[in-house]
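The shown structure was predicted, so the numbers you read here are calculated from the model rather than taken from an experiment. Numbering of ligands and ligand atoms starts at 1, following listing order.
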Amino acid sequence: SAKPVQVKLVLLGEAAVGKSSLVLRFVNNEFSENKEPTIGAAFLTQKCRLEDNKVIKFEIWDTAGQERFHSLAPMYYRNAQAAVVVYDVTKAASLDKAKSWVKELQRQANPNIVIALAGNKIDLVEPQDDSEVLSNIFREVPTEEARAYALEAGLLFFETSAKKGEGVVNVFTEIAKKIPVE
Ligand code: GTP
Ligand code: MG
């Protein structure tokens, strides 16, 4: 079969929204409840085979969301062909931060960059089993509000749970389908 097409992808978003957890789910199909914050950035790779047998090799830069690392981000999104901008559906402020990352990408990154918006942690707002303790965590970002913003800004849109594995592979395969291949 054909040689894999390499795609440089960057993850951006507020601290603790689950960027590293999404990557860990996509690359190793694992989840950790106590994932430590990323320092600087982490690099991982994962291949993805599409229906037409085209193989994409993602070279993933998982950046640190803490404010003190913001100035490093251009090093990682420069030359990126794709970006996943992540927010937490239980934190409205994290969508505001995501919007500011999208603006920065649209001004400073490669003009052909494929950007996906991912609302993570949907497991926290789904109906729980009777056996689970009732939480006082509620959805702060309605799906339709985020979807409307994504449409207006020209982004792919997804909701995900890195914890349950919902929607995660889909984010990467939909991006892969959008990458122009010569
Ligand atoms: P920084 O590296 O500091 O920018 O954070 P991050 O965006 O990489 O977040 P990380 O993946 O470290 O996750 C932060 C916390 O949220 C961890 O305790 C995770 O276990 C938890 N978490 C991540 N994704 C999910 C999810 O889908 N559902 C739930 N319930 N918790 C999640
Ligand atoms: Mg991280």
For [atom], the protein heavy atom that lies nearest, with its residue and separation:
atom: atom 30 (N) of ligand 1; value: Asp123 OD2, 2.9 Å
atom: atom 7 (O) of ligand 1; value: Lys19 NZ, 2.7 Å
atom: atom 5 (O) of ligand 1; value: Ala16 N, 2.9 Å
atom: atom 27 (O) of ligand 1; value: Ala162 N, 2.9 Å
atom: atom 12 (O) of ligand 1; value: Lys35 CG, 3.4 Å

Handout entry: In one Ile/Leu/Val/Met/Phe/Trp/Tyr side-chain cluster, 4.5 Å: Phe31, Phe26
Key =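 Looking at the clustering, Phe26 is in a separate group from Phe31.
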N or O pair under 3.5 Å between [X] and ligand 1:
X: Ser32; result: yes
X: Gly18; result: yes
X: Ser21; result: yes
X: Lys121; result: yes
X: Asn120; result: yes
X: Asn34; result: no

Practice task
Could you see which bit of Leu124 sits under 4.0 Å from ligand 1, with heavy atoms only: side chain, backbone, both or neither?
Solution key: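 Contact part for Leu124 vs ligand 1: side chain (C-beta onward).
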Practice task
Give the contacting part of Glu33 toward ligand 1: side chain, backbone, both or neither, where contact means a heavy-atom distance below 4.0 Å.
Solution key: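 The answer is the backbone.
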Exercise for the section: Would you kindly check if the NZ (Lys) or CZ (Arg) of Lys47 is within the cone defined by 45 degrees around the ring axis of Phe58 and under 6.0 Å from the six-membered ring centre? Expected result: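 Not satisfied by the 6.0 Å and 45° rule.
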[X] to [Y] - nearest heavy-atom pair and separation:
X: Leu105; Y: Ala83; result: CD1-CB, 3.7 Å
X: Leu155; Y: Gln106; result: CD2-NE2, 4.0 Å
X: Val114; Y: Ile179; result: CG2-CD1, 4.0 Å
X: Lys163; Y: Arg25; result: O-NH2, 2.7 Å

Could you tell me, atom by atom, which parts of ligand 1 come under 4.0 Å of a heavy atom of [X]?
X: Gly65; result: 1 (P), 4 (O)
X: Pro37; result: 2 (O), 3 (O)
X: Ser161; result: 27 (O)
X: Ala64; result: 4 (O)
X: Phe31; result: 20 (O), 22 (N), 23 (C), 24 (N), 25 (C), 31 (N), 32 (C)
X: Thr38; result: 1 (P), 2 (O), 3 (O)

Once side chain to side chain donor-acceptor pair (under 3.5 Å) is applied, do any residues pair with [X], and if so which ones, sequence neighbours excluded?
X: Ser20; answer: Thr38, Asp62
X: Glu51; answer: none
X: Gln6; answer: none

Exercise for the section: For Gly13 and ligand 1, answer yes if some heavy atom of the residue is under 4.0 Å from a ligand atom, otherwise no. Expected result: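 Outside the 4.0 Å threshold, so no.
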Handout entry: Residue pair Thr90, Val141: steps toward the side chain to side chain contact (heavy atoms under 4.5 Å, CB included) verdict
Key = CA-CA 7 Å; Thr90 73; Val141 181; over 6 Å; no
Practice task
Give the total of protein N/O/S atoms at a distance below 2.8 Å from the Mg ion (ligand 2).
Solution key: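 Counting protein N, O and S atoms closer than 2.8 Å to the Mg ion (ligand 2) gives 2.
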Practice task
Answer yes when Lys121 and Asp88 have at least one side-chain N-carboxylate O distance shorter than 4.0 Å, and no when they do not.
Solution key: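 Yes, Lys121 and Asp88 are salt-bridged.
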Handout entry: Check ion pair Glu152-Arg147 (N to O, under 4.0 angstrom)
Key =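 No salt bridge links Glu152 with Arg147.
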Evaluate the side-chain proximity of [Y] to [X]: yes if any heavy-atom separation is below 4.5 Å, no if none is.
X: Leu11; Y: Ile60; value: yes
X: Lys177; Y: Leu50; value: yes
X: Gln108; Y: Tyr77; value: yes

Practice task
Could you pull out, from Gly167, Gly40, Ser20, the option with a heavy atom nearest to atom 8 (O) of ligand 1?
Solution key: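 Going through Gly167, Gly40, Ser20 one by one, Ser20 has the nearest heavy atom to atom 8 (O) of ligand 1.
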Practice task
Check the angle between the aromatic planes of Trp61 and Phe43 and answer parallel, tilted or perpendicular using the 30° and 60° thresholds.
Solution key: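 The rings of Trp61 and Phe43 sit tilted, inter-plane angle from 30° to 60°.
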